[in-house]
Amino acid sequence: KDKDFMMDLIKINPRNFVHASEDLRNDKDFVIEAMNKEERSFRSFPFEYISDNLRNDEEIARKGLDFSIDNFKFIGDKFKRDKDFVMEYLLKDLEHNYKIIQYIQPPLTTDKELASIVSRMDGGYLRYFENKQELVTDREFILDIIKTNPYMMSGSLLEELKKDQTFILEALKTNEKVTDALTEYSGYTSYFKPNLDANIVKEVIESISFENSCKIAIDLIHHSSYSSGPHYSDEEKDEICKALIEKFSEYQCSEKYDLDRLRICPQDIMPILQESKRSYNDTYDFGEKKPEFVTEKEDKENSKKIEIDDL
């Protein structure tokens, strides 16, 4: 109860505030002075022991948040349901402050704008919204988030949408990094997880970069021999291969291709052609655009040649 005595204790260690009487914890002047006593140690100040009345005081709440955003969970509920107040602190430092969303109160727990902003940092935070089931099945809402956060696709919340092959196609078109988000890693291997019909794979090849479409097509064809993989006929495998080679011929003729990656990618296509029991030389005629596959020996020789040429 003794203000001076308690203030001396708080100056030694801010956590001594827990020993203050209820009257002192509800005394605004005393609380502000206590909070100011040792600012450099403020993170250890027990903000949660301030009276409920003062935690609903805007000056006290803002002072607590200015020192540590972690105090958001202790401020009064009226601030947790004030959209302008939440948005102010959310956007002040979105990378670090987005976690405050787990403490918001209705009606903000159904606010689509807040859900969109937070999901751009971590899609898993949609679980704090009461309307999450509606949001995770909203194609346009999710595609808009994927523009900046492709790893939204890796979470368990989108299991229903990930069963929709046309949605996966749209997601890949929206942000090609979705390829990585939908790749499963197991030990030293990785593979593109969703099973796609052959016609969808061909659309993927047409729609996105050679590198990513090549990875997806190779993974799916290799896994078509497993019971859990897609089931392609030889004709479907052959059509996918043809689409890949056509894509490669365009890539090869582009002035923008990366020579180092170009030497590697064709080696990945060759096993597909062998698996489908076709020779692109016999089956496909691309005229001047016909790609030249590089063997490992030729690749090493080319590497040496490039190094010499660079000198």
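In this text the structure is predicted, and so the values were computed from the model without any measurement. We're numbering straight along the sequence, starting at 1.
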Quick one, Lys80 and Leu108 - any side-chain contact, counting heavy atoms below 4.5 Å?
no

Asp52/Arg55 salt bridge by N-O under 4.0 Å criterion:
yes

The side chain to side chain contact (heavy atoms under 4.5 Å, CB included) partners of Glu176 (sequence neighbours excluded) come to Ile208, Ser209, Asn212

So, the side chain of Lys78 versus the backbone of Asn56: is there a donor-acceptor pair under 3.5 Å, distance only?
yes

Is Phe192 reachable from Tyr185 through a run of I, L, V, M, F, W or Y residues, each pair having side-chain heavy atoms under 4.5 Å apart?
no

Run the salt bridge (charged side-chain N to carboxylate O under 4.0 Å, His left out) test on Glu239 and Lys202 for me, step by step, so that the C-alpha distance in whole Å, both residues' side-chain angles and the decisive distance to 0.1 Å come before the verdict.
CA-CA 8 Å; Glu239 296 227 350; Lys202 288 189 286 182; 2.6 Å; yes

Exercise: identify the closest heavy-atom pair between Val178 and Pro150:
N-CB, 3.8 Å

Taking only residues two or more places apart in sequence, or in another chain, which ones meet Tyr128 in a ring pair (Phe, Tyr, Trp, His ring centres under 6.0 Å)?
Tyr125

Enumerate the salt bridge (Lys or Arg N to Asp or Glu O under 4.0 Å) contacts for residues 118-129, please, sequence neighbours excluded, ordered by first and then second residue.
Arg120-Asp144

I'd like to know if Glu113 pairs up with Lys83 as an ion pair, taking the criterion as any Lys NZ or Arg NE/NH1/NH2 lying under 4.0 Å from an Asp or Glu carboxylate oxygen.
yes

Whether the side chain of Ser116 engages the backbone of Lys112 through a donor-acceptor N/O pair (distance < 3.5 Å, no angle test) should be reported.
no

Indicate yes or no: at least one non-hydrogen side-chain atom of Asp82 is less than 4.5 angstrom from one of Val86.
no

Backbone of Glu203 reached by a side-chain donor or acceptor of Ser207 within 3.5 Å
yes

Test your reading of the model: is there a side-chain donor-acceptor pair from Glu134 to the backbone of Asn131, 3.5 Å cut-off?
no

Could you work out, with side-chain hydrogen bond (donor to acceptor under 3.5 Å, both in side chains) as the rule, every residue matching Glu59, not counting sequence neighbours?
Lys28

May I have the step-by-step check of side chain to side chain contact (heavy atoms under 4.5 Å, CB included) for Phe30 and Ile10, ending in yes or no?
CA-CA 11 Å; Phe30 174 81; Ile10 291 168; 3.9 Å; yes

Report yes if some heavy atom in the side chain of Lys237 is under 4.5 Å from a heavy atom in the side chain of Ser224; otherwise report no.
yes

Under the side-chain hydrogen bond (donor to acceptor under 3.5 Å, both in side chains) test, residues paired with Glu95 that sit two or more places apart:
none

So does Asp27 pair up with Lys3, basic N to acidic O under 4.0 Å?
yes

List for me each residue that meets side-chain hydrogen bond (donor to acceptor under 3.5 Å, both in side chains) alongside Asn175, sequence neighbours excluded, and say none if there are none.
none

Intermediate values then yes/no, side chain to side chain contact (heavy atoms under 4.5 Å, CB included), Phe47 and Phe72:
CA-CA 10 Å; Phe47 189 85; Phe72 190 89; over 6 Å; no

According to salt bridge (Lys or Arg N to Asp or Glu O under 4.0 Å), does anything in residues 152-161 pair up with another residue at least two apart or in another chain? List the pairs.
Glu159-Lys162, Glu160-Lys163

Considering only heavy atoms from C-beta outward, does the side chain of Tyr232 approach that of Leu220 to under 4.5 Å?
yes

Could you tell me whether Lys215 and Asp219 make a salt bridge, using a distance below 4.0 angstrom between a side-chain N and a carboxylate O?
yes

Side chain to side chain contact (heavy atoms under 4.5 Å, CB included) filter on His231, not counting sequence neighbours, yields none

Are the aromatic rings of Phe85 and Phe79 close, with centres under 6.0 Å apart?
yes

Worked verdict on Ile142 versus Leu135 for side chain to side chain contact (heavy atoms under 4.5 Å, CB included)
CA-CA 8 Å; Ile142 298 298; Leu135 295 175; 5.8 Å; no

Answer yes or no: is there a side-chain heavy-atom contact under 4.5 Å between Val136 and Phe141?
no

How many angstroms lie between atom NZ of Lys132 and atom CZ of Phe129, to the nearest 0.5 angstrom?
11.5 Å

Test item: Tyr191 and Thr183 side chains (from C-beta on) under 4.5 Å apart, heavy atoms
no

side-chain hydrogen bond (donor to acceptor under 3.5 Å, both in side chains) against Asp164, all qualifying residues, sequence neighbours excluded
Arg139, Thr166

Main-chain N/O of Ser119 paired to Asn149 side chain as donor or acceptor, under 3.5 Å:
yes

Can any side-chain N or O of Thr137 pair as donor or acceptor with the backbone N or O of Gln133 at less than 3.5 Å?
yes

Please name all residues satisfying side chain to side chain contact (heavy atoms under 4.5 Å, CB included) with Asp8, sequence neighbours left out, ordered by chain then number.
none

Which pairs pass salt bridge (Lys or Arg N to Asp or Glu O under 4.0 Å) with one or both residues in residues 180-192, sequence neighbours excluded?
Glu184-Lys193

Less than 4.5 Å apart, any side-chain heavy atom of Lys99 and any of Val118?
no

N/O donor-acceptor pair under 3.5 Å between Ser154 side chain and Tyr151 backbone:
yes

Less than 4.5 Å apart, any side-chain heavy atom of Asn16 and any of Lys11?
no

Looking only at atom types and distance, does a side-chain atom of Asp57 sit under 3.5 Å from a main-chain N or O of Ile60, one as donor and one as acceptor?
yes

When the side chains of residues 194-201 are checked against the rest of the protein, which donor-acceptor pairs come out under 3.5 Å, sequence neighbours left out?
{"residue": "Asn195", "atom": "ND2", "partner": "Ser228", "partner atom": "O", "Å": "2.8"}
{"residue": "Asp197", "atom": "OD1", "partner": "Gln165", "partner atom": "NE2", "Å": "3.4"}

When every non-hydrogen atom of Arg15 is compared with those of Pro46, the smallest separation belongs to CA-CD, 3.8 Å

On a heavy-atom basis, the closest approach of Ala217 and Ile205 is CB-CD1, 4.2 Å

Where Leu24 and Ala20 come nearest, the two heavy atoms and their spacing
CB-CB, 4.1 Å

Between the NE2 atom in His19 and the CZ atom in Arg25, the distance rounded to the nearest 0.5 Å is 9.5 Å

For Thr110 and Glu130, does a side-chain donor sit closer than 3.5 Å to a side-chain acceptor?
no

Determine yes or no for a side-chain-to-main-chain donor-acceptor pair under 3.5 angstrom, with Asn26 supplying the side chain and Ser51 the backbone.
no

